Asks: 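Sharing a structure here in structure tokens format.
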Amino acid sequence: MASLSFQHVYKKYDGGVVAVSDFNLEVADKEFIILVGPSGCGKSTTLRMLAGLEDISEGEIYIEDRLINDVLPKDRDIAMVFQNYALYPHMTVRENMAFSLKLKKMPKDEIARRVDEAAKILEIEHLLDRKPKALSGGQRQRVALGRAIVRDPKVFLMDEPLSNLDAKLRVQMRVEITKLHHKLKTTFIYVTHDQTEAMTMGTRIVVMKDGFIQQVDSPTELYDNPKNTFVAGFIGMPPMNFINATLNVEGSDVYISFENINIKLPERYAVDEIMARDGQEVIFGVRPEAITDEATFVSDHPEASFAADVDVVEMLGAETYLYVTVNAALPLTCRVDPTTSQSAVGEQVDLAIDTSRIHIFDKDTEAAIVS
């Protein structure tokens, strides 16, 4: 069990390329931390610096109170699960799981106990005498996890471990890894580019872009209160709608205007940060589920309603996505209730925005003003 501390960590390569910039993070014991972001954002490099597979250019990394910058990977008391599983093809499952313990010259009975215990946790007891080529992708992933578990490390590191699995198996393994974290009660650091994995698995999420941390928060806080347009657009599927709009203040009332539409905002937006921006352009953010075609809501909220043309309807069973265009110029995505929606392709539909769930960002900095 271990806490972690990243203090002003940088990774710089020859030629002036900076992969990670001023990375600061405190990880509590037993946390499940997710590093998420697009390819090239620095998340895997950060994980590899923690593992000792990449040198740290500047800064310090601590496991508990121990500075590990110059500690060899084998002496850091961590275990890493790779994207490609990295199993030895000529060894059985049992031999793969036991290999690192044999290198430590651990007693045979203790090795057997640890392997059997890990196999039971992962429900792969019946696979122990098979070789990797006889296993499915999901089974190989479980073996890779088992090989990490037997080491009883202070920290588990996982670098996109589910990316090679099909969609259905990824969902199943997400659940299994989350259950594993609860069982083992140790610290997990997990890297992924998949925001669904991040939202469903992590106790906290670190959103990265171009080597910088954009926001560190719980999944709920990231979704409800993103600090900038990058986080707002990256977290959530379908992504948030972004609209170039203008703020207008009339007395104590605040309106946001776009495409000849004026949406009156709730009283809570009549704050200094907004009132001082009268007539200024902003970025108006609204998630698809905050736009509805439900007739009663539309009629009850005329101050937030408008018409749009339906371009595409995607019916997904429990929900329906509408892709619409406002005034032949502004595309929007709406997530609506399939049990009440009557919208059809080619028709005009009346929509309304739930203004209690909107976000307003600065046009230049793209930082949240209010959300």
Side-chain angles (χ1 to χ4, degrees), residues 30-39 43-44 47-48 50-51 53 78-102 111-153 155-203 205 219 237 316-318:
K30 302 177 185 177
E31 268 201 286
F32 196 141
I33 296 291
I34 306 279
L35 306 183
V36 68
S39 297
K43 56 188 185 297
S44 290
L47 193 76
R48 290 173 64 83
L50 175 57
L53 303 178
I78 59 175
M80 190 160 180
V81 179
F82 296 92
Q83 178 179 345
N84 62 358
Y85 318 137
L87 302 177
Y88 297 108
H90 63 287
M91 294 183 183
T92 65
V93 168
R94 185 186 299 277
E95 291 168 338
N96 265 283
M97 292 172 64
F99 186 69
S100 63
L101 305 183
K102 288 182 178 179
I111 292 175
R113 185 191 67 79
R114 290 195 182 195
V115 169
D116 290 340
E117 188 176 89
K120 184 176 181 181
I121 290 172
L122 295 165
E123 299 180 355
I124 56 173
E125 302 103 312
H126 61 295
L127 304 177
L128 288 174
D129 295 321
R130 296 188 190 178
K131 291 186 177 179
K133 66 180 180 181
L135 305 178
S136 67
Q139 290 169 336
R140 292 180 191 180
Q141 186 60 74
R142 287 171 187 265
V143 175
L145 288 169
R147 187 175 53 190
I149 291 171
V150 297
R151 296 181 59 187
D152 192 23
V155 184
F156 282 89
L157 309 182
M158 300 188 182
D159 190 5
E160 305 211 32
L162 308 185
S163 60
N164 288 337
L165 304 180
D166 62 54
K168 184 177 180 180
L169 195 51
R170 278 202 304 272
V171 174
Q172 179 184 338
M173 288 304 299
R174 282 206 311 262
V175 174
E176 293 301 322
I177 290 175
T178 303
K179 287 164 61 178
L180 181 62
H181 175 252
H182 293 315
K183 287 180 182 177
L184 298 178
K185 294 182 171 59
T186 190
T187 307
F188 277 43
I189 310 293
Y190 187 106
V191 163
T192 182
H193 65 275
D194 186 329
Q195 58 98 10
T196 302
E197 285 182 25
M199 291 293 285
T200 55
M201 298 173 71
T203 52
I205 301 172
M237 189 59 62
L316 301 177

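All values derive from a computational prediction rather than experimental measurement.
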Asks: With rounding to the nearest 0.5 Å, note down the distance linking CZ in Phe32 to OG1 in Thr187.
Replies: 11.0 Å
Asks: Partners of Ser163 by side-chain hydrogen bond (donor to acceptor under 3.5 Å, both in side chains), sequence neighbours excluded?
Replies: Gln83
Asks: State which residues pass side-chain hydrogen bond (donor to acceptor under 3.5 Å, both in side chains) with His181; sequence neighbours excluded, sorted by chain then number.
Replies: none
Asks: A side-chain contact here means heavy atoms from C-beta on lying under 4.5 Å apart; do Tyr190 and Leu162 qualify?
Replies: yes
Asks: I'd like to know if Arg94 pairs up with Asp116 as an ion pair, taking the criterion as any Lys NZ or Arg NE/NH1/NH2 lying under 4.0 Å from an Asp or Glu carboxylate oxygen.
Replies: yes
Asks: When rounded to the nearest 0.5 angstrom, what is the spacing between CG in Leu157 and OG in Ser44?
Replies: 11.0 Å
Asks: Sequence neighbours excluded, which residues qualify as side chain to side chain contact (heavy atoms under 4.5 Å, CB included) partners of Lys120?
Replies: Glu125
Asks: Arg113: what forms a side-chain hydrogen bond (donor to acceptor under 3.5 Å, both in side chains) with it, not counting sequence neighbours?
Replies: Glu110, Glu117
Asks: Less than 3.5 Å apart, which donor and acceptor atoms pair up between the side chains of residues 168-178 and the rest of the protein, not counting sequence neighbours?
Replies:
from: Arg170; atom 1: NH1; to: Leu165; atom 2: O; distance (Å): 2.7
from: Arg174; atom 1: NE; to: Thr200; atom 2: OG1; distance (Å): 3.2
from: Thr178; atom 1: OG1; to: Arg174; atom 2: O; distance (Å): 2.9

Asks: What are the two closest heavy atoms between Ile205 and Ala198, and how far apart are they?
Replies: CD1-O, 3.3 Å
Asks: So do the side chains of Asp152 and Arg114 get within less than 4.5 Å of each other, counting heavy atoms only?
Replies: yes
Asks: Under the rule for salt bridge (Lys or Arg N to Asp or Glu O under 4.0 Å), what residues qualify as partners of Asp166, not counting sequence neighbours?
Replies: none
Asks: What I'd like to find out is whether the side chain of Ile121 reaches to under 4.5 Å of the side chain of Leu184, using heavy atoms alone.
Replies: yes
Asks: Throw together a table of side-chain donor-acceptor distances under 3.5 angstrom for residues 128-146, partners on residues two or more places apart or in other chains.
Replies:
from: Ser136; atom 1: OG; to: Gln139; atom 2: N; distance (Å): 3.3
from: Ser136; atom 1: OG; to: Gln139; atom 2: OE1; distance (Å): 3.4
from: Gln139; atom 1: OE1; to: Ser136; atom 2: N; distance (Å): 2.9
from: Arg140; atom 1: NE; to: Pro132; atom 2: O; distance (Å): 2.9
from: Arg140; atom 1: NE; to: Leu135; atom 2: O; distance (Å): 3.3
from: Arg140; atom 1: NH2; to: Pro132; atom 2: O; distance (Å): 3.3
from: Arg142; atom 1: NH1; to: Leu122; atom 2: O; distance (Å): 2.8

Asks: Is the side chain of Lys43 donor-acceptor paired with the backbone N or O of Gly37 at a distance under 3.5 Å, no angle test?
Replies: yes
Asks: For residues Glu160 and Thr192, report the shortest heavy-atom separation together with the two atoms involved.
Replies: CG-CA, 4.0 Å
Asks: What residues form a salt bridge (Lys or Arg N to Asp or Glu O under 4.0 Å) with Glu31, not counting sequence neighbours?
Replies: Arg204
Asks: Where do Pro161 and Val81 come nearest, in terms of heavy atoms and distance?
Replies: CB-CG1, 4.2 Å
Asks: Is any side-chain heavy atom of Met97 less than 4.5 Å from a side-chain heavy atom of Ile124?
Replies: yes
Asks: Got a sec, which residues hit side chain to side chain contact (heavy atoms under 4.5 Å, CB included) with Ala86, two or more places apart in sequence or on another chain?
Replies: Phe82, Asn84, Arg147
Asks: I'd like to check the ring pair (Phe, Tyr, Trp, His ring centres under 6.0 Å) partners of Phe99; sequence neighbours left out, ordered by chain and number.
Replies: Tyr88
Asks: If I compare all heavy atoms of Pro219 with all of Gly202, which pair ends up nearest, and what's the gap?
Replies: CG-O, 3.4 Å
Asks: If you round to the nearest 0.5 Å, how far is CG of Leu87 from OG1 of Thr92?
Replies: 11.0 Å
Asks: Might you point out which heavy atoms bring Leu47 and Asp159 nearest each other, and give the distance in Å?
Replies: CD2-CB, 3.7 Å
Asks: Check side-chain hydrogen bond (donor to acceptor under 3.5 Å, both in side chains) between Thr203 and all other residues, then give those that pass, not counting sequence neighbours.
Replies: none
Asks: Looking at Val150 and Ala118, what are the two nearest heavy atoms and their distance?
Replies: CG1-CB, 3.7 Å
